[in-house]
Amino acid sequence: MIRTIIIDDEELSLLALEKKLQVFPDVKIVSSYTTHKNIFKDLKNESIDAIFLDIEMKDINGIELAQEILSSYPSTQIVFVSGHTNYAVNAFELDSIDYLLKPVTAKRLEKTVIRLQNQSKSLQGASVDKNKPSLQIYCFGALQVYFKEKPLRFRTAKTKELFAFLTANMGKYVHRDIIIEKLWPEHDYKNAKTYLHTCLSHLRKTFSGLGISNPISFLNQNYCLLLDSVFFDAEEFNKLAKDILNSKAPDFKTIETAIEIYKGPFLEINAYEWVYEYSETYRETLLHILSAAIKETKHTDLNKAISYLKTYQKVEPYSEFAVLNLIQTFVEMGWRSEALRTYQSYEKLLEEEMALSPAPQIKDLHSKLLS
């Protein structure tokens, strides 16, 4: 459940947003205000996950209010709402989770709620194991960094992106020019180099304040993030994947742990332009893990095989392998209606999303079900 507060000095806008949010069962509106005066009382006495905050208000600027909120309650997610685009840069520099333009449509609001849900899952995953190292980095779904279980905030959105890029290449030296090309492609080289040095300075100051010295190594124009005693979910996922794929007999406990760690595509919520190649690598690794699990369980535990096949299909919705094996497994278990429903859903997906029809092999299997 996402517990929220709405603040907007225009009552009609406030009521309209409140009505649209009430459609989502996972969202609970704790309070709605046309002034900011009581918000800190709620934050102190209530568990608040997110605040929908208007920017242009009569008694206070929403950006300034967000800064005040985050200084005392850094884990609160801020969703800015405005009738203008000119505050977007300031909003995202505060690491807000979204920026909505008025009038807010139901379709656009749904994307925001999904982001909040994914953020909530990341937070839950981050607090499961109390024995993890002081510094914890989570990159599946959205970048979340914790130091001694408290969320770590970055001075600017670009500083956070630089940390994300260095984290994606943890332990590897990356040339300065590659970093500039990935993070500042639209700027001339001289300015981009200045921006890089500014963000590096911010990062070093942040980690110095945590008592972590020299986290970023520099050698021959190359930078490398070197962190001791850190939990990094992607690194843990890779270790588990290596064990699973090199093992002759899959360890299902290890497989389940790997699947649990993968909470969504790598840095999906952050949507950095450079992230695709990293995201694809982890996605392909997960599919290899699931393939190994499916191959083993198809001969030993059909219920488990179905569970893995559904996870596979969730990761790769257009997969012929997943839908074919799901239908075959449902038929083998005598669940004809489930087999038909699986085919129909897949056929509809292909038609609506890609204007295609299922492969001949899948169509033939469907025809046999109808005969």
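These numbers come from a predicted model, not from an experiment. Positions are given from 1 along the sequence.
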Any donor-acceptor pair under 3.5 Å from [X] side chain to [Y] backbone:
X: Asp42; Y: Ile5; result: no
X: Lys193; Y: Arg176; result: no
X: Asn222; Y: Asn220; result: yes
X: Arg115; Y: Ile97; result: yes

Review point. Between Thr85 and Tyr99, does a side chain to side chain donor-acceptor pair (under 3.5 Å) hold up when you go through it step by step?
Key: CA-CA 9 Å; Thr85 60; Tyr99 188 96; over 6 Å; no
Review point. So if you build clusters from Ile, Leu, Val, Met, Phe, Trp, Tyr with side-chain heavy-atom gaps below 4.5 Å, do Ile78 and Leu101 land together?
Key: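 Yes: a chain of side-chain contacts under 4.5 Å links Ile78 to Leu101.
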**Study point:** Tyr276, OH atom: more than 12 neighbouring heavy atoms under 6.0 Å
**Key:**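 It does not: Tyr276 OH has 12 such atoms or fewer within range.
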**Study point:** Residue Leu219 excluded, over 12 heavy atoms near CG under 6.0 Å
**Key:**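 Buried by this count: over 12 neighbours within 6.0 Å.
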Point to revise | No-hydrogen, no-angle side-chain donor-acceptor test under 3.5 Å, Asn238 and Thr285 | key: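 Distance-only check fails for Asn238 and Thr285.
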Point to revise | Polar contact flag, side-chain donor to acceptor under 3.5 angstrom, Thr112-Asp98 | key: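 Yes - a donor-acceptor pair under 3.5 Å links their side chains.
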Check your understanding: Within 45° of the six-membered ring axis of Phe252 and under 6.0 Å from that ring's centre, is NZ or CZ of Lys304 located there?
Key ->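 So Lys304 does make the cation-pi contact.
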Would you name the heavy atoms of [X] and [Y] that are closest together and state the gap between them?
X: Ser357; Y: Lys363; result: OG-NZ, 3.5 Å
X: Leu109; Y: Lys20; result: CD2-CB, 3.6 Å
X: Ser32; Y: Glu18; result: OG-OE2, 3.2 Å
X: Tyr318; Y: Glu353; result: OH-CB, 3.5 Å
X: Asp8; Y: Ser13; result: OD2-CB, 3.4 Å

Point to revise | Side chain to side chain, Arg204 and Ile216, heavy atoms closer than 4.5 Å | key: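 Side-chain contact under 4.5 Å: yes.
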Check your understanding: Does the side chain of Gln77 reach to within under 4.5 Å of the side chain of Asp49, using non-hydrogen atoms?
Key ->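 No, their side chains stay 4.5 Å or more apart.
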Review point. Of Tyr346, Tyr308, Tyr312, which is the lone residue that meets ring-ring contact (aromatic ring centres under 6.0 Å, His included) with Phe321?
Key: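 The ring-ring contact (aromatic ring centres under 6.0 Å, His included) with Phe321 is passed solely by Tyr312 among Tyr346, Tyr308, Tyr312.
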Practice item. Identify whether the distance between the nearest side-chain nitrogen and carboxylate oxygen of Lys102 and Asp54 falls below 4.0 Å. Key: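 Salt bridge flag = yes for Asp54 with Lys102.
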Between [X] and [Y], ring centroids under 6.0 Å:
X: Phe140; Y: Phe237; result: yes
X: Tyr272; Y: Phe165; result: no
X: Tyr343; Y: Phe330; result: no

**Study point:** Separation of Ile180 CD1 from Tyr195 OH (nearest 0.5 Å)
**Key:**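 That separation rounds to 11.5 Å.
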